[in-house]
Amino acid sequence: MSNEKRYLNMLLEQFKAENRKSINLNFDEKLLGGIDEVLENISINTKQFCSRNSFMEVAAREYLLKLKDEIDRLNFIKSNSNQSDQIIIFTSADHLGKYAQYYQNDYWKAVYLGKDVVDLIRKGYIKYFALYKSKVYKSKCGGGQHIIEYSEIKSINYITSGPDKGKYEFFLKNRKQLPKPITKGSVNPVSLMRGRRTTLQKFLAASTIDNL
């Protein structure tokens, strides 16, 4: 059901509610005229009368729900981040099913890391790790092109032999779900292939990878 249809249904049901209290509100003339125009159209199209009071109450409920979501998100950021903590984000096309095989088992390989990044991880400045799931997940996992979780970095190891020689593997812990996915936005996810560093606080507040 669309938000508009749900809103209209709530409006038409409003008179059935009980235990009401009265308050006085002041609105500017233009806003009040817009409300009256909407209510008139509802009456014409549904053959049901809707009062200004019902409209205001439904609008207030909807706004409170949106505010609650935002407050919950801000509380999540506050309780899960420190201003100095950093996170490194990579992208995964998952052609070989590595997300389920590796990441969801608290492990990831294999990526190139510069010496400065290695030092920051080993000194504890970069504490967290996340993966952007690319478009391949659309067909394989029922949805993709987003970041849905992140992990703490337990340790990293330099690979000295085999096909991944010269790259690093990550050992992870304490994987956490994000309250809302971080989606693609307008930035090309290829920019994450070598790793994107940002603060954990900025990461948790992001809605798209443009914000990272």
Side-chain angles (χ1 to χ4, degrees), residues 65-114 116-157 159 164 167-212:
L65 285 174
K66 289 181 180 179
L67 278 181
K68 183 180 181 303
D69 286 344
E70 180 62 13
I71 289 168
D72 287 346
R73 188 181 70 84
L74 292 172
N75 285 335
F76 180 87
I77 293 168
K78 184 178 178 181
S79 62
N80 285 278
S81 67
N82 182 300
Q83 284 189 336
S84 62
D85 290 343
Q86 292 187 35
I87 185 168
I88 189 163
I89 306 125
F90 293 92
T91 186
S92 170
D94 202 48
H95 293 292
L96 302 176
K98 291 200 299 181
Y99 193 86
Q101 181 186 355
Y102 292 163
Y103 184 59
Q104 292 187 332
N105 286 295
D106 297 327
Y107 176 74
W108 191 254
K109 73 168 188 178
V111 296
Y112 288 109
L113 296 176
D116 59 332
V117 174
V118 172
D119 289 343
L120 288 170
I121 292 172
R122 288 184 169 157
K123 289 176 181 177
Y125 293 106
I126 300 177
K127 294 184 177 181
Y128 298 92
F129 177 97
L131 280 175
Y132 172 81
K133 301 163 76 174
S134 70
K135 61 184 178 182
V136 172
Y137 287 86
K138 279 193 169 181
S139 57
K140 290 191 175 183
C141 301
Q145 300 202 81
H146 56 210
I147 304 167
I148 58 171
E149 52 195 349
Y150 67 103
S151 302
E152 289 183 46
I153 298 173
K154 186 177 180 180
S155 63
I156 57 173
N157 180 57
I159 301 170
D164 295 323
K167 297 181 181 180
Y168 284 81
E169 57 188 346
F170 282 78
F171 298 91
L172 308 166
K173 63 181 181 178
N174 299 333
R175 188 157 37 92
K176 295 181 181 180
Q177 292 285 322
L178 289 171
K180 288 185 178 180
I182 299 172
T183 55
K184 180 175 180 293
S186 60
V187 171
N188 190 332
V190 171
S191 64
L192 303 175
M193 285 189 69
R194 292 268 180 176
R196 165 102 42 103
R197 286 163 44 200
T198 189
T199 63
L200 181 63
Q201 195 168 52
K202 190 173 181 181
F203 172 79
L204 294 176
S207 56
T208 71
I209 61 173
D210 305 36
N211 308 134
L212 298 175

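Every residue two or more places apart in sequence or in another chain that forms a side-chain contact (heavy atoms from CB on, under 4.5 Å) with Asp119 is listed here: Lys115. Not counting sequence neighbours, the partners of Thr208 by the side-chain contact (heavy atoms from CB on, under 4.5 Å) test are Thr183, Asp210, Asn211. With sequence neighbours left out, the salt bridge (charged side-chain N to carboxylate O under 4.0 Å, His left out) criterion links Asp164 to Lys109. Residues satisfying the ring-ring contact (aromatic ring centres under 6.0 Å, His included) criterion with Tyr103, sequence neighbours excluded, are Tyr99, Phe129.
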Stepwise side-chain contact (heavy atoms from CB on, under 4.5 Å) test for Ile153 and Leu172: CA-CA 5 Å; Ile153 298 173; Leu172 308 166; 4.2 Å; yes

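Taking the six-membered ring where the residue is Trp, the centroids of Phe170 and Tyr107 are separated by 6.0 Å or more.
Sorted by first and then second residue, the salt bridge (Lys or Arg N to Asp or Glu O under 4.0 Å) pairs involving residues 123-132 (not counting sequence neighbours) are Asp85-Lys127. The stretch residues 99-108 participates, sequence neighbours left out, in these salt bridge (Lys or Arg N to Asp or Glu O under 4.0 Å) pairs: Asp106-Arg175.
Closest approach of Ile87 and Ile126 over heavy atoms only: C-CG2, 4.2 Å. Minimum heavy-atom separation, Gln177 to Ile148: OE1-O, 3.4 Å. Listed here is the closest heavy atom pair of Val117 and Ile88: CG1-CD1, 3.8 Å. The two residues Ile159 and Ala110 come nearest to each other via the heavy atoms CD1-CB, 4.0 Å. Of all non-hydrogen atoms in Tyr128 and Leu200, the two that sit nearest each other are CE1-CD2, 3.5 Å. Thr198 and Phe203 get closest at one heavy-atom pair: CG2-CB, 4.1 Å.
To the nearest 0.5 angstrom, Arg196 atom CZ is 10.5 Å from Thr91 atom OG1. Once rounded to the nearest 0.5 Å, the distance linking OH of Tyr150 with CD1 of Ile182 reads 10.0 Å. Taking OH from Tyr132 and CD1 from Ile209, the interatomic distance works out to 5.0 Å, rounded to the nearest 0.5 Å. In this structure, OG on Ser207 lies 14.5 Å from NE2 on His146, to the nearest 0.5 angstrom.
Considering only heavy atoms from C-beta on, Arg197 comes within 4.5 Å of Leu120 through its side chain. Residues Lys176 and Leu204 form no side-chain contact, since every pair of their non-hydrogen atoms from C-beta on lies 4.5 Å or further apart. Within the 4.5 Å cutoff, the side chain of Ile121 has no heavy atoms near those of the Tyr168 side chain.
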